[in-house]
Amino acid sequence: MTAPTVHSGATTLDYDPSSQSVWIIDQTLLPHHYQRVQLLELEDFCLAIASMQVRGAPLIGITAAFGLALSLNRPQANAEQAYQALLATRPTAINLQWALDKVMQAITAQPATAFAAALAMAQSLREQDIAHCSTIGEHGVALIQQQYQQKQRCINILTHCNAGWLATIQWGTALAPIYKAQQLGIPVHVWVDETRPRNQGAHLTAWELQQAGIAHTIICDNTGGHLMQQGMVDMCIVGSDRTSANGDVCNKIGTYLKALAAHDNHIPFYAAVPSSTIDWQIDDGVQQIPIEQRDSAEVLSISGLDEQGISRTVTVNRHSPAANYGFDVTPARLVSAIITELGVVQANSKALASLREQLP
Ligand SMILES: CSC[C@H]1O[C@H](OP(=O)(O)O)[C@H](O)[C@@H]1O
């Protein structure tokens with residue numbers, strides 16, 4: 001099976017009406033194997049999210065939306081039980097609850113045709129994600145273009161984790177401006193934080209950029225500060241799993257440290273955030289956003305291919321405990337701007353409140 005690229009119009013999730021199932025890319029196998037797997041039952045959807053076969057706030061939400069919708073067409077359908085099971089899979093990405101609530105609202109509005117209404121909502125959220133991420137790319141590429149016009153050389157962009165098309169349905173959030181820059185012929189190079197412990201950068205972002213033919217270099221998570229200090233980074237663009245109404249940005253663990261280094265070196269630090277990832281109920285992200293803690297085994301091991309091309313997982317330490325905080329929160333004061341589908345806005349309550357008024 002040939003692997004797709006963002007420019008081939010590839011999508012991470014596709015609904016199959018003939019089997020009333022969903023096909024997703026098993027992201028735990030990338031970059032070594034590209035494989036699509038079918039999600040049929042509610043348990044398949046819950047496992048896919050919890051095990052990170054699918055991950056990234058927008059994709060988590062849309063996957064759950066289809067999981068809830070399709071569960072209604074199964075024997076002993078129970079929307080509330082399905083909602084709770086899916087919501088319990090991962091706590092930090094607000095898109096999960098946002099998407100599930102949208103589907104539940106559709107069910108409540110049309111109880112006589114609940115399955116059809118829920119499925120239509122899931123499909124609508126999927127199409128909306130594609131449009132919003134493309135628009136985030138268009139708003140974000142202007143920031144890259146400004147630097148290119150000033151510097152007239154390749155623009156070096158640091159990103160953390162994976163906020164590419166694999167984290168959404170298509171285009172991505174943080175990587176969308178980079179894909180749009182490529183389409184405009186603007187030369188860019190991406191510093192790709194490997195992003196321990198699950199290595200979404202080395203496994204997923206690097207794979208995306210390699211497939212797209214975009215120059216990139218994988219770096220250890222601790223390297224970014226040095227590169228910024230040496231003038232080797234022109235801007236940082238990261239994604240988000242939940243951004244609070246005051247502009248605090250929750251993202252993969254380690255993002256906050258990059259923002260501190262960027263601030264200290266006067267480098268623009270942008271978060272690409274669809275409005276679906278903004279939690280309007282929280283006005284102090286640093287204190288209020290729930291931070292997922294995952295199995296310590298993810299810290300104590302690392303997986304890859306051995307010389308014979310066989311997947312291996314090795315343990316780096318069998319005897320010590322490990323802590324595995326999945327996310328951290330970058331305070332708004334360290335965020336230069338937030339790139340949304342409605343435009344580039346300042347990371348503060350007033351600007352975000354104004355943005356909220358523009359939402360349909
Ligand atoms: C566009 S959301 C991407 C966001 O999600 C990642 O977390 P995970 O891979 O654990 O789902 C990471 O925080 C990315 O920035």
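Atoms within each ligand, like the ligands themselves, are counted from 1 in listed order. Residue indices begin at 1 and follow the sequence shown. All values reported here derive from a predicted model rather than from experimental measurement.
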Quiz prompt | Protein contact of atom 5 (O) of ligand 1 - nearest heavy atom, named by residue and atom, plus distance | solution = D241 OD2, 2.9 Å
Quiz item: Should you measure from each heavy atom of S240, which atoms of ligand 1 turn up under 4.0 Å away?
Solution: 2 (S)
Practice problem: Specify the protein heavy atom at minimum distance from atom 1 (C) of ligand 1: its residue, its atom name, and the distance to 0.1 Å. | Solution: T173 OG1, 3.3 Å
Quiz item: Quick one: does R55 get an N or O within less than 3.5 Å of an N or O on ligand 1?
Solution: yes
Quiz item: Would C236 and I157 count as a side chain to side chain contact (heavy atoms under 4.5 Å, CB included) if you check the C-alpha gap in whole Å, the side-chain angles of each, and the deciding distance to 0.1 Å?
Solution: CA-CA 5 Å; C236 299; I157 302 168; over 6 Å; no
Quiz prompt | Passing option when V190 is tested against I218, N156, T159 for side chain to side chain contact (heavy atoms under 4.5 Å, CB included) | solution = T159
Exercise. Distance to 0.1 Å, residue and atom name: give those for the protein heavy atom nearest to atom 15 (O) of ligand 1.
Key: N251 OD1, 2.4 Å
Exercise. Can you sort out which atoms of ligand 1 are near M52, meaning under 4.0 Å from one of its heavy atoms?
Key: 9 (O), 10 (O)
Self-check item: For atom 2 (S) of ligand 1, the protein heavy atom that lies nearest, with its residue and separation
Solution: A57 N, 3.2 Å
Quiz item: For atom 12 (C) of ligand 1, which protein heavy atom lies nearest, and how many Å away is it?
Solution: C161 SG, 3.3 Å
Practice problem: Please report which non-hydrogen protein atom sits nearest to atom 3 (C) of ligand 1, along with the residue it belongs to and the distance in Å to one decimal place. | Solution: N162 O, 3.4 Å
Self-check item: Atoms of ligand 1, numbered as shown, that sit under 4.0 Å from any heavy atom of Q200
Solution: 8 (P), 9 (O), 10 (O)
Exercise. Quick one: look at K252 and ligand 1, take heavy-atom pairs under 4.0 Å, and tell me if it's side chain, backbone, both or neither.
Key: both
Quiz item: With distance as the sole criterion, is a donor-acceptor pair present between the side chains of D26 and Y34 under 3.5 Å?
Solution: no
Quiz item: Short N/O distance, under 3.5 Å, between P58 and ligand 1?
Solution: no
Quiz item: Looking at Y179 versus H7, is the centre-to-centre ring distance below 6.0 Å?
Solution: yes
Self-check item: R55-N162 side chain donor-acceptor pair, cut-off 3.5 Å
Solution: yes
Quiz prompt | ligand 1-proximal atoms of R90, by part, heavy-atom distance under 4.0 Å | solution = side chain
Quiz item: Is there a donor in the side chain of S276 and an acceptor in the side chain of N95, or the other way round, less than 3.5 Å apart?
Solution: yes
Self-check item: Closest heavy-atom pair and its distance - A69, L119
Solution: CB-N, 3.7 Å
Quiz item: Do H189 and T217 have side-chain N/O donor and acceptor atoms under 3.5 Å apart?
Solution: yes
Self-check item: Atoms in ligand 1 with a heavy atom of G56 nearer than 4.0 Å
Solution: 2 (S), 3 (C), 5 (O), 11 (O)
Quiz item: Looking only at side chains, do Q38 and S21 share a donor and an acceptor under 3.5 Å apart?
Solution: yes
Quiz item: Side chains of E341 and S275: is there a donor and an acceptor less than 3.5 Å apart?
Solution: yes
Quiz item: Is ligand 1 under 4.0 Å from a heavy atom in the side chain of A93, in the backbone, in both, or in neither?
Solution: neither
